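What follows is a set of notes on a single structure, which appears directly below.
Bear in mind that the values here come from a model prediction, so they are computed numbers and not experimental data.
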Amino acid sequence: MRLLYKMEILKKGIEKAEIAEANGKTMEAIRIYQQYSDGSYYERKAQLRLGQLYESFPKEAYAHYLRAAELGDSEAAVCVAYMSEYGEGTSITIGRAVTYYTNAASACHRGAAHNLGFFYYSGTGVKKDLKRAFDLFCFAAKRGKADSMRNLGVMYENGDYVKKNLETALSWYSKSVEYG
């Protein structure tokens, strides 16, 4: 019973922060979010939101995204990977980008799967593996990721890993356009 009560209080705190944000009281929302440090689902949610609120301050945003990713948030893991890939708020560390894209892709994040697929396609930070790239692009494409659909088109057009097939390439290109 005590645990349920604590969870309800944590949930209400997040709701209060969201209401404060909706009413333009960003600093109040930040103060509320910063109170979460118990390793719970709600801390994960608060840290992700803090990362988003601090995007103008990359080092601060990175620290919040990293904490949320460590607590298992796949969206935050993608942010950590991207920031590590491009050196935003942290040093460029392709190995860290690969790790966090892998974590997020394992949690079925289509964007992470796409980015990781590109790493395997190009051999960036990992050993080039066209089969792995193809599988990751397929995973993301089946979940509506237009860039992965385009990349599958390129693979079929060039015969990368798959047998060259211009009809299949055109089909993937068309789907990519359809999905934006």
Side-chain angles (χ1 to χ4, degrees), residues 1-120 122 124-126 136-137 139-149 151 179-180:
M1 185 68 160
R2 189 174 181 99
L3 179 61
L4 289 175
Y5 178 72
K6 181 180 178 187
M7 296 305 284
E8 189 61 32
I9 289 172
L10 292 172
K11 180 181 175 188
K12 285 185 188 291
I14 293 290
E15 290 170 355
K16 281 174 75 174
E18 290 169 346
I19 291 168
E21 273 191 78
N23 290 322
K25 298 178 181 178
T26 306
M27 292 310 295
E28 182 181 334
I30 288 172
R31 183 187 55 73
I32 295 169
Y33 288 134
Q34 288 175 335
Q35 294 174 7
Y36 289 83
S37 61
D38 61 350
S40 70
Y41 162 81
Y42 296 103
E43 181 190 355
R44 184 176 86 191
K45 190 171 181 174
Q47 291 296 327
L48 174 64
R49 190 63 192 127
L50 284 166
Q52 294 163 341
L53 289 170
Y54 279 104
E55 282 193 347
S56 297
F57 305 94
K59 285 184 181 184
E60 188 74 22
Y62 179 81
H64 291 295
Y65 286 138
L66 183 60
R67 177 65 180 148
E70 289 169 351
L71 292 171
D73 190 279
S74 63
E75 192 64 38
V78 170
C79 294
V80 169
Y82 181 88
M83 293 175 88
S84 297
E85 181 180 358
Y86 292 99
E88 293 181 13
T90 188
S91 59
I92 293 176
T93 312
I94 299 300
R96 185 183 317 125
V98 169
T99 297
Y100 281 93
Y101 281 141
T102 300
N103 292 347
S106 296
C108 298
H109 192 287
R110 70 183 188 165
H114 169 79
N115 291 354
L116 188 59
F118 185 78
F119 280 10
Y120 279 102
S122 64
T124 302
V126 293
L136 287 161
F137 290 147
F139 175 86
K142 288 177 183 175
R143 284 156 184 80
K145 184 74 172 160
D147 292 339
S148 286
M149 294 173 192
N151 288 357
Y179 280 82

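Remark: Ala77 engages Ala69, Tyr100, Ala104 in a side-chain contact (heavy atoms from CB on, under 4.5 Å) (not counting sequence neighbours). Looking at residues two or more places apart in sequence or on another chain, you find a ring-ring contact (aromatic ring centres under 6.0 Å, His included) between Tyr82 and Tyr86. Not counting sequence neighbours, the partners of Val126 by the side-chain contact (heavy atoms from CB on, under 4.5 Å) test are Val98, Phe119, Tyr120. Qualifying side-chain hydrogen bond (donor to acceptor under 3.5 Å, both in side chains) partners for Ser122, counting only residues two or more places apart in sequence or in other chains: Thr124. Checked against side-chain hydrogen bond (donor to acceptor under 3.5 Å, both in side chains), Asn103 has no partners two or more places apart in sequence or in another chain. Judged as a side-chain contact (heavy atoms from CB on, under 4.5 Å), and not counting sequence neighbours, Ala63 has no contacts. In this view, Ser56 satisfies the side-chain hydrogen bond (donor to acceptor under 3.5 Å, both in side chains) rule with no residue, not counting sequence neighbours. By the side-chain contact (heavy atoms from CB on, under 4.5 Å) test, Tyr42 pairs with Met7, Leu10, Lys11, Ile14, Tyr36, Ser40, sequence neighbours left out. With sequence neighbours excluded, the residues satisfying side-chain hydrogen bond (donor to acceptor under 3.5 Å, both in side chains) with His114 are Ser148.
Legend: salt bridge (Lys or Arg N to Asp or Glu O under 4.0 Å) pairs involving residues 23-37, not counting sequence neighbours: none detected. Residues in residues 42-55 take part in these salt bridge (Lys or Arg N to Asp or Glu O under 4.0 Å) pairs, two or more places apart or across chains: Glu18-Lys45, Glu21-Arg49, Glu43-Arg67, Arg44-Asp73. Residue pairs meeting the salt bridge (Lys or Arg N to Asp or Glu O under 4.0 Å) criterion with at least one partner in residues 83-99, sequence neighbours excluded, do not occur; the list is empty.
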What's the verdict on side chain to side chain contact (heavy atoms under 4.5 Å, CB included) for Gln52 and Tyr65, showing C-alpha distance, side-chain angles and the deciding distance? CA-CA 8 Å; Gln52 294 163 341; Tyr65 286 138; 3.5 Å; yes
Evaluate the side chain to side chain contact (heavy atoms under 4.5 Å, CB included) criterion for residues Met149 and Tyr179: first the C-alpha distance (whole Å), next the side-chain angles of each, then the deciding distance (0.1 Å), finally the verdict. CA-CA 9 Å; Met149 294 173 192; Tyr179 280 82; 3.5 Å; yes
Would Val80 and Val78 satisfy side chain to side chain contact (heavy atoms under 4.5 Å, CB included), going step by step from the backbone distance to the final call? CA-CA 5 Å; Val80 169; Val78 170; over 6 Å; no
Check the pair Cys79, Tyr62 against side chain to side chain contact (heavy atoms under 4.5 Å, CB included), reporting the backbone distance first and the verdict last. CA-CA 8 Å; Cys79 294; Tyr62 179 81; over 6 Å; no
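Taking NZ of Lys142 as the start and CZ of Arg110 as the end, the distance is 15.0 Å to the nearest 0.5 Å. Going from atom CG of Leu71 over to atom OH of Tyr41 covers 12.5 Å, rounded to the nearest 0.5 Å. Remark: Asn151 CG to Leu136 CG distance equals 11.0 Å, nearest 0.5 Å. In this structure, Asn115 CG and Tyr101 OH are separated by 4.0 Å, a value rounded to the nearest 0.5 Å. With values rounded to the nearest 0.5 angstrom, His64 atom NE2 is found 14.0 Å from Lys59 atom NZ. Distance check, rounded to the nearest 0.5 Å: CD1 of Ile32 to CE of Met27 gives 12.0 Å.
Nearest heavy-atom pair, Ala105 versus Leu116, reported as atom, atom and distance to 0.1 Å: CB-CD2, 4.3 Å. Counting all heavy atoms, side chain and backbone alike, Ala61 lies closest to Tyr54 at CB-O, 3.5 Å. Of all non-hydrogen atoms in Ala107 and Ser74, the two that sit nearest each other are CB-CB, 3.9 Å.
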